[in-house]
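In what follows, a structure is listed as structure tokens, so that the remarks can point back to it.
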Amino acid sequence: MDYRSYRPGKREKLLWSLEAGMLTGVIALCFYNSFWAFFLFPLVFLWLLREKGQSLGEKRRKALKLQFKDAVQGIAAALAAGYSAENAIREARKDLSLIYPGNADILQELSAMERKMDANQTLEAAIEDFAGRSGLEEAQTFGEIFSVGKRSGGDLIGIMKDTARTIAQTVETERQVATALASRKYEQRVMNLVPFGMILYLRVGCRGFLDPLYGNAAGIAVMTACLGLYLAAWHLGKKLLDIEV
């Protein structure tokens, strides 16, 4: 599995298409007041598919990072107990199976490594393959260092402990940043709804006030420009709160 991109299932695509349909309806009602605006649905669906995929993919990679930290700690403990690197992978999987459900990504990856070793592939190749697909900078760095360390007889236990410590610090920093920005992200979600609320309020409370903006070329151009400004503001707010650690 390639964790660098998220592939939604059929059920997810169906739910997202319904969500895209509702969003298209709101845009058609507020900005154009026309049934023909529903032809924007393909664009809205593709945009939603991209945004949802990026969000869920990032969430999955964060969970995988935490699981990878626990796996590295388990492998280091097995190495310290005298196991070889290959057997340490098997012991770590057994230990993690007591913590995570059977469908956890890290358990699937460790099982895949075991199968590759049983097929006479090297552990270094298996780890490098996982590191390349993980989308995690820590895993990629670890894979490179592990390969060099195993070939040259380096301190694998120290490498494992340093990697686990670095990931733990990164996860804790990310948690602190997320806590600090939680209220700001909530405020942004509320502000994203304000333009739609204002337009609906004017349409209900001041009937006819927005009629000059509907059904003519000049009005369509103005409302399209307003929609573009709204999307630009939404994108800018998202970028400002998207802090990478």
Side-chain angles (χ1 to χ4, degrees), residues 3-66 135 171-245:
Y3 299 93
R4 292 169 294 184
S5 60
Y6 185 85
R7 294 183 179 180
K10 293 182 179 179
R11 183 173 180 273
E12 288 177 313
K13 287 183 178 180
L14 177 60
L15 292 176
W16 295 353
S17 66
L18 294 175
E19 187 175 344
M22 290 187 291
L23 182 58
T24 304
V26 172
I27 293 174
L29 176 64
C30 292
F31 287 89
Y32 299 104
N33 193 35
S34 172
F35 173 80
W36 296 106
F38 274 95
F39 284 101
L40 292 173
F41 172 79
L43 295 177
V44 175
F45 177 67
L46 290 175
W47 170 79
L48 193 64
L49 193 67
R50 176 176 175 273
E51 290 297 321
K52 291 281 189 179
Q54 288 181 347
S55 177
L56 292 176
E58 183 63 25
K59 183 178 179 181
R60 187 171 195 174
R61 285 190 294 273
K62 287 182 179 180
L64 180 63
K65 182 186 294 186
L66 185 60
V171 170
E172 180 60 26
T173 303
E174 289 177 345
R175 185 180 295 113
Q176 292 175 357
V177 171
T179 301
L181 295 178
S183 61
R184 295 291 179 264
K185 289 184 177 181
Y186 177 77
E187 292 172 0
Q188 183 194 25
R189 286 194 291 268
V190 173
M191 292 301 297
N192 289 339
L193 299 176
V194 168
F196 295 98
M198 291 178 62
I199 293 175
L200 291 175
Y201 173 78
L202 290 174
R203 294 197 60 177
V204 174
C206 304
R207 294 184 180 275
F209 183 77
L210 296 178
D211 286 351
L213 295 174
Y214 298 133
N216 59 83
I220 292 174
V222 170
M223 294 304 279
T224 300
C226 291
L227 179 59
L229 288 174
Y230 167 78
L231 293 176
W234 171 85
H235 182 72
L236 178 60
K238 183 174 178 289
K239 286 294 184 182
L240 289 176
L241 294 177
D242 187 15
I243 299 177
E244 295 184 2
V245 178

| query | Is the closest side-chain heavy-atom distance between K65 and E174 below 4.5 Å? | reply | yes
| request: Determine whether I199 and F31 make a side-chain contact, defined as any pair of heavy atoms from C-beta on separated by less than 4.5 Å. | output: yes
| query | Got a sec: does the CZ of F39 have more than 12 other heavy atoms crowding it under 6.0 Å? | reply | no
| said: Which heavy atom of G9 sits nearest to which heavy atom of E12, and what is that distance? | reply: N-OE1, 3.0 Å
| note | Between the CG atom in L202 and the CE atom in M198, the distance rounded to the nearest 0.5 Å is 6.5 Å
| query | Taking side chain as C-beta onward, heavy atoms only, is V26 less than 4.5 Å from L29? | reply | no
| note | Note: V44 and A20 closest approach over all heavy atoms is CG1-O, 3.8 Å
| task | Check whether any side-chain heavy atom of L43 sits under 4.5 Å from a side-chain heavy atom of W47, and report yes or no. | result | no
| Non-hydrogen side-chain atoms of F45 and T24 separated by less than 4.5 Å | no
| said: If we count only N and O atoms by modelled type, under 3.5 Å, do the side chains of Y6 and S55 hold a donor and an acceptor together? | reply: no
| Going from CG on L56 to CZ on R60, what distance comes out if it is rounded to the nearest 0.5 angstrom? | 10.0 Å
| L229 side, atom CG; L236 side, atom CG - distance, nearest 0.5 Å | 12.0 Å
| Centroid separation Y201 to F196 less than 6.0 Å | no
| query | Is there side-chain contact between N192 and Y230, with at least one heavy-atom pair below 4.5 Å? | reply | yes
| Is the side chain of Y32 donor-acceptor paired with the backbone N or O of F38 at a distance under 3.5 Å, no angle test? | no
| said: Quick check for you: to the nearest 0.5 Å, what is the distance between I220 atom CD1 and T224 atom OG1? | reply: 7.0 Å
| request: Report yes if the side chains of Y214 and S34 come closer than 4.5 Å at any heavy-atom pair, otherwise no. | output: no
| Quick one: does E51's side chain have a donor or acceptor within less than 3.5 Å of a partner on L48's backbone? | no
| field | Distance in Å, Q188 CD paired with L181 CG, rounded so as to fall on 0.5 Å steps | value | 10.5 Å
| request: Give the intermediate values and the outcome of side-chain contact (heavy atoms from CB on, under 4.5 Å) for residues N33 and R203. | output: CA-CA 10 Å; N33 193 35; R203 294 197 60 177; 2.9 Å; yes
| field | For W16 against P8, the heavy-atom pair lying closest together | value | CZ3-CB, 3.6 Å
| Got a second to check how far L210's CG is from L200's CG, nearest 0.5 Å? | 10.0 Å
| Contact summary for D211 and G208, nearest pair of heavy atoms | OD2-CA, 3.2 Å
